[in-house]
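A quick write-up on the structure given underneath.
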Amino acid sequence: MTENDTARVTEELTEPRSPGDHRTAAGATVVSLPGEIGLLTATALSEKLDALTTHARPDLVLDLRSVTFMDCAGR
């Protein structure tokens with residue numbers, strides 16, 4: 001992703017989204033992650049992110065602003 005793409009994605013992240021939403025911005029998939037990321041949620045989250053990156057342009061941006069806790073399982 002170029003610096004200009006990163007700037008556009010950053011600007012688009014200012015708009016609030018529903019928890020767990022994903023959308024495309026500047027050619028990247030942007031995923032909004034809410035709440036806690038830990039042992040109980042890491043497997044499901046990993047599967048979701050894997051599924052979102054299986055296409056030709058697997059660029060991924062994680063919006064972690066709503067994450068309140070992340071343990072080592074969230075890596």
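Note that these values count all heavy atoms, side chains included, but never hydrogens, waters or copies made by symmetry.
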Legend entry - Listed partners of S46 passing side chain to side chain contact (heavy atoms under 4.5 Å, CB included), at least two apart: D50

Legend entry - V67 vs L62, side chain to side chain contact (heavy atoms under 4.5 Å, CB included): CA-CA, chis, key distance, verdict: CA-CA 11 Å; V67 172; L62 300 179; over 6 Å; no

Inset, instruction - Please report the closest heavy-atom contact between S32 and P34, naming both atoms and the distance. - result: O-CD, 3.7 Å

Legend entry - Spacing of CG belonging to L52 relative to CG belonging to D59, to within rounding of 0.5 Å: 12.5 Å

Inset, instruction - Identify the two heavy atoms, one from T41 and one from E36, that lie closest to each other, and give their separation to 0.1 Å. - result: OG1-O, 3.4 Å

Inset, instruction - Enter the distance from M70:CE to L33:CG here, rounded to the nearest 0.5 Å. - result: 7.5 Å

